Undergrad: 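Have a look at this one.
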Amino acid sequence: MKPDFTRRLLQWNKNSNTRVMPWKGEKDPYKIWLSEIILQQTRVEQGWSYYEKFIAAFPTILHLARANEEKVFKMWEGLGYYSRCKNLIATARKIAGEYNGIFPSTYEEIEALPGIGPYTAAAISSFAFNLPHAVLDGNVQRIIARYFGNSTPIDTTAGRKLYQSLAQSLLPCDEPGIYNQAIMDFGAVICKPQNPLCSTCVQQKECEAFRQNVVSQLPVKQKAIVKKERWLYYFIVEYKGKWYIKQRTAKDIWENLFEFVLFESTAAVEDITLKMPFLKKLVNGQAVHIESISRMYRQQLTHQTIHGRFVKIVAGEALPSLNGYLLVDKKQLSKYAFPRFITTYLGEPAPPAQLF
DNA sequence: AACACGGGGAG
DNA sequence: CTCCCAGTGTT
């Protein structure tokens, strides 16, 4: 016999769940997979248009596998966590090459694919293949911690193991796909992080957190967020109407995205002139002038605050110090994926040239 | 086990 | 501001 929780959840889903999303009820494992990768640590509203854009451009996994890598990154631009995009391409090509374009249909094979962990493997295998694997995402962790009144931190190995086990025990093995979708909808619509709708919740009577009036204190997280501050000074060097850009390769934020000539500092740089050592070395006595210096930009990320300015520099001759850079026409710039920090600057009207 | 990885919306 | 989102990979 199913636990009361499960029975009530399925009943709520049938009678009251009005949530609609483009991938809901989807049976094509490719489309399910794509939606799940897009939605990792990403709100549904944010990922929605990206999903539709990807499906339109790449109707099947073979379309994606054959796609130009830079084009895929360009389509991912702005969504964040760019390793997802790299792994998306890798998995598409792996399935094209090793699986003849047919998405694997066992949990173990799916979980072995790049960018797919326990959550995504459970989601795909239950939605597409009706396999009995319980999803454990932020929604499910929150619901279970509250329902059982459990204060074990969710961001620990022990916590994940505990909640995964509880989630699995609540799963109805005859309809795991429907249930997995329902519990995530329930978490998003009813058992929300803030201001959950306890007054209309079908689980209220048996919810331990509600009974003890500790709903707002659950789930518990152990790790506090540590923040870093960084100052990025981007020099946009123009030569014959073209700009120098380079792909980021370091194991750092924005890996694989493009950027301009970067000087990074752990503190603000007060005077930006041709005399500053970084520029002096860059220019090496050649004919250049500073055309404009932008306002201070600031971007708040989860784990770091980025500050910085953009400095337009016009060069009268090519700069040998920039070997390894691409020199691309301004009109071709939109083919490359840039971090939001840079596209924000590029999207603002250019300031009038000043004299420095 | 701890840390790194984006961006945006809500409060 | 802080929190958190359909988490995963690396060290």
Side-chain angles (χ1 to χ4, degrees), chain A residues 19 21-24 26 31-51 73 76-88 90-91 110-124 126-127 133-143 153-161 163-164 167 177 179-189 191-196 216-217 219-228 230 248 250-257 298-306 337-344:
Chain A
R19 201 174 189 214
M21 295 168 294
W23 48 82
K24 191 163 163 179
E26 179 61 59
K31 293 182 181 172
I32 294 166
W33 163 66
L34 177 63
S35 71
E36 293 303 339
I37 302 301
I38 287 174
L39 292 171
Q40 286 170 2
Q41 291 292 287
T42 303
R43 289 169 302 105
V44 163
E45 313 83 71
Q46 191 184 356
W48 190 301
S49 66
Y50 283 84
Y51 173 80
F73 267 96
W76 197 274
E77 182 185 66
L79 196 52
Y81 281 172
Y82 296 94
S83 68
R84 290 184 292 172
C85 185
K86 186 188 171 72
N87 288 330
L88 189 79
T91 286
I110 294 169
E111 209 257 330
L113 296 165
I116 298 184
Y119 162 76
T120 305
I124 297 172
S126 67
F127 293 153
H133 296 275
V135 291
L136 185 65
D137 72 334
N139 291 305
V140 179
Q141 290 172 332
R142 183 172 60 253
I143 293 167
I154 58 173
D155 56 345
T156 60
T157 304
R160 273 184 289 272
K161 195 174 166 189
Y163 294 111
Q164 180 71 61
Y179 172 87
N180 275 338
Q181 181 62 58
I183 194 170
M184 290 192 285
D185 286 345
F186 187 79
V189 174
C191 198
K192 300 181 291 177
Q194 270 105 39
N195 307 317
S216 64
Q217 298 165 45
V220 171
K221 277 195 180 177
Q222 188 170 78
K223 302 194 227 340
I225 295 179
V226 183
K227 244 177 226 163
K228 266 198 319 191
R230 303 169 71 168
R248 287 174 68 88
K251 295 282 174 228
D252 187 12
I253 189 174
W254 305 328
E255 185 179 1
N256 292 309
L257 271 58
R298 174 200 157 85
Q299 185 182 18
Q300 190 63 57
L301 303 179
T302 302
H303 295 279
Q304 45 189 301
T305 307
I306 312 284
F338 292 92
R340 190 58 101 209
F341 188 73
I342 289 178
T343 58
T344 299

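Being a predicted model, the structure only gives us computed values, none of them experimental. Protein chains get the first letters and strands the later ones, always in sequence-line order, with residue 1 at the start of each.
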Undergrad: Flag the pair A/Tyr163 / A/Val140 as yes when at least one side-chain heavy-atom distance between them is below 4.5 Å, and no otherwise.
TA: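 Sidechains of A/Val140 and A/Tyr163: no contact.
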
Undergrad: Rounded to the nearest 0.5 Å, what's the gap from CD on A/Gln299 to CZ on A/Arg340? Could you check?
TA: 8.5 Å

Undergrad: With rounding to whole Å, what would you report as the distance between B/dG8 and C/dG9 at their C1' atoms?
TA: 23 Å

Undergrad: Can you tell me, in whole Å, how much space there is between the P of B/dG11 and that of C/dA6?
TA: 14 Å

Undergrad: Can you work out whether A/Ser35 or A/Asn87 has the more 5'-proximal nearest nucleotide on DNA chain C?
TA: A/Ser35

Undergrad: When the ring planes of A/Trp23 and A/Tyr51 are compared, do they come out parallel, tilted or perpendicular, using 30° and 60° as the limits?
TA: perpendicular

Undergrad: Distance from A/Met184 atom CE to A/Ile143 atom CD1, nearest 0.5 Å?
TA: 9.5 Å

Undergrad: Are side-chain heavy atoms of A/Leu257 and A/Phe73 found at a separation under 4.5 Å?
TA: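 SC-SC contact between A/Leu257 and A/Phe73 confirmed.
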
Undergrad: Test your reading of the model: is there a side-chain donor-acceptor pair from A/Gln40 to the backbone of A/Tyr81, 3.5 Å cut-off?
TA: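 Looks like no, no N/O pair under 3.5 Å.
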
Undergrad: Classify the nucleic acid contact of A/Thr120 as base, sugar-phosphate or nothing, counting any heavy atom under 4.0 Å across all strands shown.
TA: sugar-phosphate

Undergrad: Using a 4.0 Å heavy-atom cut-off, write out nucleotides 2-11 of chain B from 5' to 3' as B (base contacted by protein), S (sugar-phosphate only) or - (no contact).
TA: ---BBBBS--

Undergrad: Closest nucleotide of DNA chain C for A/Glu111 versus for A/Glu36: which of these residues is on the 5' side?
TA: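 Its nearest nucleotide lies further toward 5', so the answer is A/Glu36.
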
Undergrad: Quick one: CH2 on A/Trp33 to OG1 on A/Thr120, what's the gap to the nearest 0.5 Å?
TA: 11.0 Å

Undergrad: Under 4.0 Å between any heavy atoms, over every strand shown, what does A/Trp33 touch: base, sugar-phosphate, or nothing? Just pick one.
TA: nothing

Undergrad: Could you check whether any side-chain heavy atom of A/Leu79 comes within less than 4.5 Å of a side-chain heavy atom of A/Tyr50, counting everything from C-beta outward?
TA: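 Side-chain contact under 4.5 Å: yes.
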
Undergrad: First and last nucleotide of DNA chain C touching chain A, 5' to 3', heavy-atom cut-off 4.0 Å?
TA: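 Result: C/dC1 to C/dG9.
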
